[in-house]
Number of protein chains: 2
Amino acid sequence: MYMEPNSTTENRIKEAARKIFIKKGLAGARMQEIADEAKINKAMLHYYYRNKEQLFKKIFEEVAAEFVPKIFSILGEDRPLEVKVQDFVSHYLDMLTRNPFLPLFVLSELRSQPEFFENAVGIKRSGILEKLAVQLKAEAKAGHIKPISPANFMANLMSLSIFPFLAQPMLQLIFSMNTQEFKNFIEERKQLIPQFIMSSLKT
Amino acid sequence: MYMEPNSTTENRIKEAARKIFIKKGLAGARMQEIADEAKINKAMLHYYYRNKEQLFKKIFEEVAAEFVPKIFSILGEDRPLEVKVQDFVSHYLDMLTRNPFLPLFVLSELRSQPEFFENAVGIKRSGILEKLAVQLKAEAKAGHIKPISPANFMANLMSLSIFPFLAQPMLQLIFSMNTQEFKNFIEERKQLIPQFIMSSLKT
DNA sequence: GTCTATAAGCAGATAGAC
DNA sequence: GTCTATCTGCTTATAGAC
């Protein structure tokens, strides 16, 4: 069987574990299912990662590390607020369209394992929040926007961008959307969310 | 041991199961833990509900039935949009403050068991969405608000209200809030969310 | 490093006495 | 209706050959 050059056993395990854990969570996933997905023997999982918890922890940290920091790198850029908001929304809606299960996975497991998160994210030490706070204050003082706290600004931005993916099954049910229509709905929101946010901040 | 008048075995089972399932989900919950919580024997769970799945299904339907319909009863009222938004936000933020785990539970299990939901919710047959659509169109035509689709309107309203509870551990971590500070943050948003929504719709 | 076989423990479910 | 004891099957984890 042909395999990718860097399709090492360890890589295949990680890809398989990622897929299964994201779909079923820690408690719902089965080591056998991960082994099957990786096309290896179950015993190999224990050879590379001593047990299920360690394998999960590894996966979760990697996922959280790619899910969260981008939030802050975009918001830390040296650009007008409106541009940052557009970049953020555009990036996240694309990323989540490719990985619609990611938010529920991260938030679910974060609820039961908050300590996994502390290490995975270097937010508080990054100084980006302070920078954002300064910018919000400056743009308010200049009369461009209404005053708003960083926490509320971020909560709004993340809510509007991420929640629809969490609630995708419910939204599709309520509004009778099939999967393609949901994608169109998200595509439309790439324009709408920045408009909502900026016009809600109009002075 | 003194017990509440209607503290029947069956009620105690349901309360215990609700608590454990909401915290751990279907896969993570243990029948033994539910039995302990209800202060009864594990065998009783099987006497009242044949198996774990049936017990879970019962609980989930009850939770979903109290979580969802209120959304639509408020939005179906015959009042100005702005008042409905205020009522919705006020009601849901109170309810979620008392039950912060509810949204994650409903959305998680809804992802793996979408069919549980169909019955629990009679939205599509209620005609309320049509009513909301008419109102949004009318208020736009009268020049009170910008045009917006019901799906986007609802997605915004639910996102801003519900997401902060889903992300509570992350928000507390990022913004260094303790639990009381998070409650204050939510309390503040009771005023802010309706303002955001209505001013984002200003013509 | 990789496999097969198996051990060990756990969780859901039932039998049967009271 | 309620309990104790037990069975059965599944899941994680290990032992040991190659």
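The chains referred to below are lettered A, B, ... by the order of the sequence lines, with proteins before strands, and numbering in each begins at 1.
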Interatomic distance, N51(A) CG vs dG9(C) P [rounded to whole Å]: 16 Å
Of dA15(C), dA13(C), dT14(D), the nucleotide closest to the side chain of A43(B) is dA15(C)
Heavy atoms from C-beta onward define the side chain here; which of dA13(C), dA11(C), dC3(D) lies closest to that of I40(B)? dC3(D)
Any chance the side chains of N156(B) and R189(A) put a donor and an acceptor closer than 3.5 Å? yes
Length of the line joining D36(A):CG and dT12(D):C1', which is rounded to integer Å: 15 Å
Which of dT2(D), dT12(D), dG12(C) is nearest the side chain of M31(B)? It is dG12(C)
Describe the nucleic acid contact of A27(A) in one word from base, sugar-phosphate, nothing, applying a heavy-atom distance below 4.0 Å. nothing
Grab the OH-C1' distance between Y49(B) and dT14(C) for me, whole Å please. 19 Å
Below the 4.0 Å mark, does dC3(C) have OP1 or OP2 next to a side-chain nitrogen or oxygen of Y47(A)? no
Looking only at the side chains, is there a donor atom on one of Q195(A) and Q191(A) sitting less than 3.5 Å from an acceptor on the other? no
Whole-Å distance between dA5(D) P and N41(B) CG? 10 Å
Expressed as a whole number of angstroms, how long is the span from K42(A):NZ to dA8(C):P? 15 Å
Respond yes when some side-chain nitrogen or oxygen of H46(A) is under 4.0 Å from OP1 or OP2 of dT14(D), and no when none is. no
Taking S200(B) for the side chain and I197(B) for the main chain, is one N or O donor matched with an acceptor at less than 3.5 Å? yes
Atom pair distance, as rounded to whole Å: NZ in K39(A) and C1' in dT2(C): 17 Å
Test log, rule salt bridge (charged side-chain N to carboxylate O under 4.0 Å, His left out), inputs E187(B) and K190(B): CA-CA 5 Å; E187(B) 194 59 35; K190(B) 275 195 211 168; 3.3 Å; yes
dT12(D) OP1/OP2 closer than 4.0 Å to side-chain N/O of R30(A): yes
I would like to know whether D87(A) and R79(A) meet salt bridge (charged side-chain N to carboxylate O under 4.0 Å, His left out); could you show each step before the answer? CA-CA 10 Å; D87(A) 282 0; R79(A) 314 180 72 183; 2.9 Å; yes
Rounded off to whole Å, could you give me the CD-to-P distance for the E33(B) and dA11(C) pair? 10 Å
Short side-chain N/O contact from T9(A) to OP1 or OP2 of dT2(C), under 4.0 Å: yes
Value in whole Å for how far the P atom of dC18(D) lies from CE of M44(A): 18 Å
NA contact type, Y48(A), heavy-atom cut-off 4.0 Å: base, sugar-phosphate, or nothing? sugar-phosphate
